[in-house]
Number of protein chains: 2
Amino acid sequence: MTTEKLSTEIRKEQIAEAVLQVLGDNNIKRFNMADIAGQVGLVPSALYRHFKGRDALMSAVLELIRSKLYGNIEAVRQQTDGAVDRLRDLLFRHGQLICQNHGIPRIIFSDELWGQKRERRQRVYRIVTGYLAEIEDIIREGQDQGSIRRDIQARVMAAMFFGIVQPAALLWHMSDGVYDVEGHVTAAWPIFLETITR
Amino acid sequence: MTTEKLSTEIRKEQIAEAVLQVLGDNNIKRFNMADIAGQVGLVPSALYRHFKGRDALMSAVLELIRSKLYGNIEAVRQQTDGAVDRLRDLLFRHGQLICQNHGIPRIIFSDELWGQKRERRQRVYRIVTGYLAEIEDIIREGQDQGSIRRDIQARVMAAMFFGIVQPAALLWHMSDGVYDVEGHVTAAWPIFLETITR
DNA sequence: AATTAATGTGAAATTAAATTCACAACGATG
DNA sequence: CATCGTTGTGAATTTAATTTCACATTAATT
């Protein structure tokens with residue numbers, strides 16, 4: 001068998017992406033090293049050249065997820081002006097992100113994260129709360145500028161914002177992609193908008 | 001070792017509950033038969049007197065979850081009058097249910113459900129959509145009676161309602177019970193209320 | 001072109017479960 | 001109180017995955 005050799009940096013990236021893809025191709029169970037290796041075109045033992053073990057791989061996947069989530073925050077900050085419009089953009093981006101990589105919720109909720117290592121759980125907790133804090137910041141900016149009402153705590157609003165996508169993602173996930181996330185988000189946004197302005 | 005013998009009906013119940021408890025005692029990983037057996041005071045092989053295998057056990061746990069969820073629907077229908085008050089009750093009950101048995105989200109999102117059997121996933125899907133349909137019904141009743149505004153689709157409102165608890169549950173879950181779900185729900189309810197009434 | 005370090009391979013060892021099975025204890029029933 | 005079906009036990013067995021290891025191949029450097 002001839003497999004091209006690539007630098008470990010590229011491989012690490014590939015492998016972490018492969019985890020999301022494999023979990024996304026919603027056919028099978030908890031990912032296993034063999035599947036991942038197959039996806040990248042390697043043999044299982046080769047993964048150990050790049051990651052100490054399954055645990056380290058998991059860590060890399062979390063980092064990948066983190067970067068994807070925060071990438072959206074960056075994007076709306078750069079491409080959109082005004083808190084309200086940023087929120088709308090972020091909402092749709094978030095929906096798309098979850099649908100396109102539904103390995104993400106699989107990882108976030110995976111049994112793996114909840115067992116053993118408390119650190120693991122805490123890391124995910126920090127990722128999610130960090131993301132919520134970013135949303136909160138955007139909301140607060142809107143409140144300062146007067147485009148978002150001030151009599152609701154930004155923190156609560158941020159959680160509710162997050163709660164628009166979450167159930168939709170769950171349903172989409174369970175329905176094998178049948179449930180219409182974009183439709184839900186499209187319908188829910190104006191309601192949320194009305195709630196936070198006015 | 002002397003262990004009391006009990007009828008298989010009682011045992012099945014005990015064992016399914018044990019799964020939720022074990023997963024709830026958020027210490028360790030995906031549940032294993034040994035842990036479950038231990039929790040009930042049995043030896044692993046004894047479980048096979050009551051369930052064909054892990055799969056059948058899983059099925060029983062799903063049924064248990066379903067009954068707990070729909071139990072709340074029943075309860076608010078009987079104990080509370082008026083759509084709006086019913087929704088409020090249901091919201092708090094739901095929050096408590098998830099916090100007290102956080103084995104529930106663990107199961108709902110467990111890797112096990114997503115692998116192999118499509119039936120499994122579909123069963124969970126039906127449980128969740130059924131629950132949402134019940135919420136939708138309550139909302140629609142409110143719309144008919146005029147206590148809830150008619151210009152928002154009941155379906156969308158139901159999903160948003162569901163979305164109040166979900167992020168809170170996630171955070172609570174990940175924070176090892178530190179995150180204040182009741183606080184969030186308490187803060188979010190009046191906002192939601194304002195949204196759905198006038 | 002030879003050396004070396006990095007990456008890839010295939011087979012084997014390890015690990016951790018679920019599961020099976022032969023047997024024991026119990027409880028109901030005649 | 002003897003029997004029979006049910007429930008429980010402990011020791012194997014099976015299964016399925018991760019991981020290790022000795023060896024092969026490649027890329028880079030000289």
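Convention: sequence-line order gives letters A, B, ...; per-chain numbering from 1. All of these numbers come straight from a predicted model, not from anything done at the bench.
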Using a strict cut-off of less than 4.0 Å between a Lys/Arg side-chain nitrogen and an Asp/Glu carboxylate oxygen, indicate whether A:R123 and A:E119 qualify as a salt bridge. no

Which nucleotide sits closest to the side chain of A:R49: C:dG10, D:dA22, C:dA22? D:dA22

Name the closest nucleotide to the A:T8 side chain, picking from C:dT7, D:dG8, C:dT9.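 Ranking C:dT7, D:dG8, C:dT9 by closest atom to the A:T8 side chain puts C:dT7 first.
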
Would you tell me if any nitrogen or oxygen in the side chain of A:H50 comes within less than 4.0 Å of OP1 or OP2 on C:dA6?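 For C:dA6, neither OP1 nor OP2 has a side-chain N or O of A:H50 closer than 4.0 Å.
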
Hey, is CZ on A:R155 packed in by over 12 heavy atoms from elsewhere, all under 6.0 Å? no

To the nearest Å, how far apart are [X] [atom1] and [N] [atom2]?
| X | N | atom1 | atom2 | value |
| --- | --- | --- | --- | --- |
| B:D111 | C:dA17 | CG | C1' | 15 Å |
| A:L42 | D:dA24 | CG | P | 20 Å |
| B:L47 | D:dG8 | CG | P | 9 Å |

What N/O pairs connect the protein and nucleotides 16-19 of chain D at under 3.5 Å? Give each pair on its own line.
from	atom 1	to	atom 2	distance (Å)
D:dA17	OP1	A:K29	NZ	3.3
D:dT18	OP1	A:M33	N	2.7
D:dT18	OP1	A:R54	NH1	2.9
D:dT18	OP2	A:M33	N	3.0
D:dT19	OP2	A:Y48	OH	2.8
D:dT19	OP2	A:R54	N	2.8
D:dT19	O5'	A:Y48	OH	3.3

Give the residues of residues 10-20 of chain A touching DNA chain D, defined as any heavy atom closer than 4.0 Å, sorted by residue number.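 Output list: empty, so none.
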
Residues forming a salt bridge (charged side-chain N to carboxylate O under 4.0 Å, His left out) with A:E141, sequence neighbours excluded: A:R77, A:R86

For the side chain of [X] and the backbone of [Y], is there at least one donor-acceptor N/O pair under 3.5 Å apart?
| X | Y | answer |
| --- | --- | --- |
| A:H50 | A:R11 | no |
| B:R120 | B:D55 | yes |
| A:N32 | A:D35 | yes |

Taking the six-membered ring for Trp, are A:Y131 and A:H94 closer than 6.0 Å centroid to centroid? yes

Pairwise side-chain contact, B:I15 with B:L47, heavy-atom cut-off 4.5 Å (strictly under):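 Yes, side chains in contact.
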
